[in-house]
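This report concerns only the one structure given below.
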Amino acid sequence: MGLDRRSFLKALGFAGATIAIGKSFGAPQMKESDIEFYGILYDSYRCGGCQSCEIACAEAHGLPKPIDEPKIGVQRKTDETRRVVVNSYKTSKGEVYIRKQCMHCNEPACAAACLTQAMHKTKEGPVIWRGSKCMGCRYCMVSCPFDIPKFEYYSANPKIQKCDMCYDRIMKGGIPICVEICPAEAIIFGKRKDLIKEARKRILENPTVYVDEIYGEHEAGGTGFLYLTPNPINELGFSTSIQKSSYPELSKGFLFSVPTVFVLLPPILLGIYEATRNNQLKEGDENE
Amino acid sequence: MKMSNMIYPIAKDNDGKSIWKFLVGEFKPKGKLLTPFNIISLPIMLLGLVLIIIRFWKGIGSITNLTQEVPWGLWIGFDVVTGVAFAGGAYVLTFMVYILNMHKYHSIIRITVLNGFLAYVFYAGALLLDLGRPWNVINPIIGNNFGTSSVLFLVAWHFLLYMIAQLIEFSPTIAEWLGAKRARKILSGMTIATVIFGITLSTLHQSGLGALYLMAKDKIHPLWYSEFIPIMFFISSIFAGLSMVIFEGTISQKVFFNQISEKNHRTHDDILHGLSKICSVAMFAYFFLKVIVFIHGKHWQYINTSMGYWYLLEILGFVLLPMLLFFSSYRTRNIFMIKLASIITILGIIINRLNVTVIGFRWDVDIRYVPSWMEFVVTLTVIFTELWIFRWVVNRMPVLRESPSWVNEEK
Ligand code: SF4
Ligand code: SF4
């Protein structure tokens with residue numbers, strides 16, 4: 001892990017030697033196109049809000065069957081009993097359905113936060129949770145910008161619940177259950193690169209149907225779950241404050257400064273100690 | 001004040017008796033049982049214990065008001081993040097006494113280190129109550145996957161190492177109490193190394209506690225979020241810790257009156273005056289940084305909101321005001337003013353840490369998190385238990401009183 005100029009400066013600033021304030025500390029952009037992760041493309045224009053995915057997901061993961069339906073004006077949220085929800089929005093282009101679940105970020109904040117790597121970005125792409133490692137500190141929940149991991153507050157052996165893109169099925173050569181079950185083919189599974197290509201193609205072919213934006217292409221440094229929508233995203237209940245660069249970047253400066261402090265501070269302290277000790281010998285007990 | 005003489009007989013160190021007999025004697029309670037402090041604290045501690053049992057039986061939600069949006073509440077925001085800032089006095093004072101050789105402060109070093117050590121042990125304990133799957137807490141230590149990219153991983157390790165360092169720093173006191181002469185010599189020989197190690201660790205985890213919240217950029221009110229949270233946490237831990245030393249010292253002077261030698265009583269005001277100088281300078285740096293961050297963040301539009309007023313109150317009333325009080329005591333040596341300033345500073349640190357971790361955290365959600373009364377009881381239980389242990393140690397070991405005579409003979 002090389003120490004570049006930026007993080008070195010930051011480390012110095014951190015150590016209190018210099019306090020430089022400026023925008024030069026912005027996080028560098030991650031080249032998300034280099035990564036060959038699996039992902040899911042969700043075409044909101046095709047989604048009819050039938051909740052088949054919700055029901056199939058609940059069944060597959062031993063969670064209670066959903067009892068409420070998408071309704072305009074009601075924000076249903078994922079929680080410890082449901083990993084995916086479909087909401088309905090009234091827009092200038094009519095009623096639009098939007099699914100919400102884990103975004104499977106390319107550089108997930110939840111995994112960077114987790115001190116036991118219980119939250120883990122697999123090399124295939126899905127972000128999974130491993131109960132045998134998790135200590136239930138909920139730092140992943142604090143850090144996830146999309147507010148996705150949910151905690152079983154009323155259990156003595158609580159789990160973190162969130163979509164894992166049906167990692168087990170993928171490892172067995174299958175596809176996520178929601179993709180398989182969707183009657184409208186609103187969700188497709190594949191390599192993230194190919195999904196972006198497919199989304200571009202659809203936008204190009206139907207410019208009047210879709211807005212020219214793939215949500216998830218750059219958000220939070222790129223995500224494995226991608227959205228194609230007929231409306232700008234802020235009309236569809238998404239948070240508008242999500243930054244384009246990855247979230248773990250935000251704490252990298254601090255983490256880089258740690259080894260620097262560990263190397264620099266002790267000798268400095270030792271030096272001061274030696275210097276003042278000599279002082280004391282000369283002055284004798286004067287300051288007693 | 002003379003009362004305390006009757007309540008707590010002056011302790012004796014072990015001289016020549018068998019360690020075992022001595023320990024048995026020391027574990028017996030000393031002094032009166034029905035003091036006001038005991039009458040208040042005991043029932044709360046018992047209730048807290050019941051609540052903790054319920055929590056492990058029925059889940060964290062059964063006694064807390066935590067929500068899916070606000071997964072960290074009072075136990076992290078106050079017990080851990082705020083408490084550790086107050087324990088910062090230990091690293092600042094060891095720096096002054098052992099590294100800078102400022103002898104003046106030597107008489108309060110033991111009590112400060114003891115305070116710091118107990119604070120860490122109990123706040124780490126409070127952290128365990130907040131873990132959903134506490135039996136896995138050893139995972140990041142035994143290496144069942146190291147999450148080295150996690151700030152929390154660093155903080156956890158630094159906590160652990162720092163507790164050990166503080167225990168070593170304090171251990172000569174224990175050795176004196178037990179009359180273990182050889183051990184004392186070895187342990188006090190380790191002091192400088194552990195002090196240097198301890199200061200380094202403190203620098204990192206005091207700021208690390210702030211760095212925990214760096215990724216929660218969109219969730220913390222913009223007036224309190226900045227990428228300089230770690231530095232601000234670090235600087236504020238200096239005056240938070242020292243204010244606590246001033247406050248706590250004032251109380252110890254009264255409660256443990258008979259333990260403190262005549263000479264140390266006389267120098268106490270001098271010590272407070274010196275500490276207040278350091279506080280004022282550190283607070284100035286902090287205030288300055290706050291102003292710069294505010295201007296750079298272009299946060300003017302938030303000022304005329306209720307959160308904005310709250311922010312102004314924190315900065316003007318709980319940073320600027322006590323800073324000026326500390327400054328003016330510079331010339332006047334007004335000890336009362338120093339004590340007052342330290343209390344305002346302590347309140348200010350509580351407000352600041354809670355603003356980052358609880359009040360300003362997800363300030364935009366419909367269902368705000370407000371701690372349940374049970375969370376407060378558990379927090380009080382933790383603090384009271386700590387104070388009980390603290391009292392037990394101070395009444396037995398040479399923390400405030402002079403070391404046994406053989407220590408000086410040996411030199
Ligand atoms: S959306 Fe949240 S939980 Fe999902 S991968 Fe990204 S940071 Fe993790
Ligand atoms: S709650 Fe579990 S998965 Fe989440 S950060 Fe903590 S240890 Fe990791």
Side-chain angles (χ1 to χ4, degrees), chain A residues 13-16 19 21-22 25 77 79-80 109 111-118 131-139 141-143 145 147 150-158 160 239 241-243 247-248 250-251 253-255 258 261-262 265-266 269-270 272-273 276-277 279-280 287-288, chain B residues 56-62 64 66 68-69 71-72 95 98-104 130-134 136-137 139-140 144-147 149-154 156 192 195-197 199-200 203-204 207-208 211-219 227-228 230-231 234-235 289 292-293 296:
Chain A
F14 166 77
I19 295 168
I21 300 199
F25 286 158
K77 289 178 179 165
D79 57 30
E80 71 273 33
C114 182
L115 70 171
T116 59
Q117 295 182 352
S132 61
K133 297 180 191 293
C134 173
M135 44 189 246
C137 68
R138 309 189 293 287
Y139 189 29
M141 300 168 73
V142 170
S143 302
D147 255 333
K150 297 288 150 77
F151 184 75
E152 295 177 342
Y153 281 109
Y154 293 92
S155 160
N157 182 14
I160 297 275
S239 156
S241 55
I242 301 291
Q243 63 175 23
Y247 279 76
L250 292 168
S251 51
F254 173 79
L255 289 167
V258 170
V261 172
F262 248 113
L265 197 54
L269 292 174
L270 199 63
I272 302 176
Y273 165 69
T276 54
R277 187 169 63 159
N279 246 352
Q280 189 206 337
N287 44 2
E288 266 285 58
Chain B
F56 280 107
W57 177 30
K58 296 244 159 142
I60 293 174
S62 59
T64 70
L66 293 171
Q68 298 293 356
E69 274 96 3
W72 284 0
F95 175 70
Y98 292 113
I99 305 294
L100 296 182
N101 263 304
M102 296 162 92
H103 278 264
K104 189 164 104 185
D130 202 65
L131 290 184
R133 305 162 74 91
N136 278 342
V137 72
N139 280 350
N144 185 2
N145 282 70
F146 281 159
S149 63
S150 167
V151 178
L152 191 58
F153 177 79
L154 273 161
I192 288 301
V195 161
I196 289 180
F197 188 53
I199 294 170
T200 309
T203 317
L204 289 169
S207 42
L212 281 181
Y213 287 86
L214 285 176
M215 277 198 282
K217 187 183 175 193
D218 312 327
K219 302 185 181 180
E227 58 178 308
F228 291 94
I231 300 179
F234 172 66
I235 300 179
L289 190 62
I292 295 184
V293 166
H296 263 266

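No hydrogens, no waters, no symmetry mates; every other heavy atom, side chains included, goes into these values. Quick note on labels: first sequence line is chain A, next is B, and so on, each numbered from 1.
The aromatic rings of Trp72(B) and Tyr213(B) sit perpendicular to each other, their planes meeting at more than 60°, with 30° as the lower class boundary.
Only the side chain of Leu154(B) comes within less than 4.5 Å of a heavy atom of chain A; its backbone N, CA, C and O stay farther away. Only the backbone of Ala111(A) comes within less than 4.5 Å of a heavy atom in chain B; its side chain stays farther off. With a 4.5 angstrom heavy-atom cutoff, Leu212(B) touches chain A via backbone and side-chain atoms both. For Ser241(A), the parts lying under 4.5 angstrom from a heavy atom of chain B are both the backbone and the side chain. When heavy atoms are compared at a cutoff of 4.5 Å, Ile160(A) does not approach chain B at all. Contact of Ser239(A) with chain B is not made at all, since no heavy-atom distance falls under 4.5 Å. Cys114(A) touches chain B through its backbone: at least one of N, CA, C or O sits under 4.5 Å from a heavy atom, while the side chain does not. With a threshold of 4.5 angstrom between heavy atoms, Tyr98(B) approaches chain A through N, CA, C or O but not through any side-chain atom.
Between the side chain of Thr276(A) and the backbone N or O of Ile99(B), at least one donor-acceptor pair lies under 3.5 Å.
When each of Ser143(A), Gly136(A), Ser155(A) is scored by its heavy-atom pairs under 4.5 Å with chain B, the top score falls to Gly136(A). Your options are Ala156(B), Ser149(B), Gly59(B), Pro71(B), and the one with the most heavy-atom pairs under 4.5 Å with chain A is Pro71(B). When each of Val142(A), Thr116(A), Leu255(A), Leu115(A) is checked for heavy-atom pairs under 4.5 Å with chain B, Leu115(A) comes out on top. Chain B forms more heavy-atom pairs under 4.5 Å with one residue of Lys150(A), Glu80(A), Glu152(A), Gln243(A) than with any other, namely Lys150(A). Contact count against chain B (heavy-atom pairs under 4.5 Å) is highest for Ala112(A) among Ala156(A), Ala112(A), Ser251(A). Annotation: maximal heavy-atom pairing with chain B below 4.5 Å, among Ser132(A), Pro145(A), Pro248(A), Ala118(A), occurs at Ser132(A).
Residue Tyr154(A) qualifies as open at atom OH: its count of foreign heavy atoms under 6.0 Å is 12 or below.
Scored by the side-chain contact (heavy atoms from CB on, under 4.5 Å) test, Asn136(B) finds Met135(A), Arg133(B), Asn139(B) as partners (sequence neighbours excluded). Asp147(A) is linked by a side-chain contact (heavy atoms from CB on, under 4.5 Å) to Glu69(B), Lys219(B), Arg362(B), counting only residues two or more places apart in sequence or in another chain.
With rounding to the nearest 0.5 Å, the separation of CG in Leu289(B) from CD1 in Ile235(B) is 5.5 Å. Here CZ of Phe234(B) is found 15.0 Å from CZ of Phe228(B). Values are rounded to the nearest 0.5 Å.
For the pair Cys137(A) and Leu131(B), the minimum side-chain heavy-atom distance is below 4.5 Å.
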- Query: What do the steps show when you test Val151(B) against Met215(B) for side-chain contact (heavy atoms from CB on, under 4.5 Å), and what is the final call?
  - Reply: CA-CA 10 Å; Val151(B) 178; Met215(B) 277 198 282; 6.0 Å; no
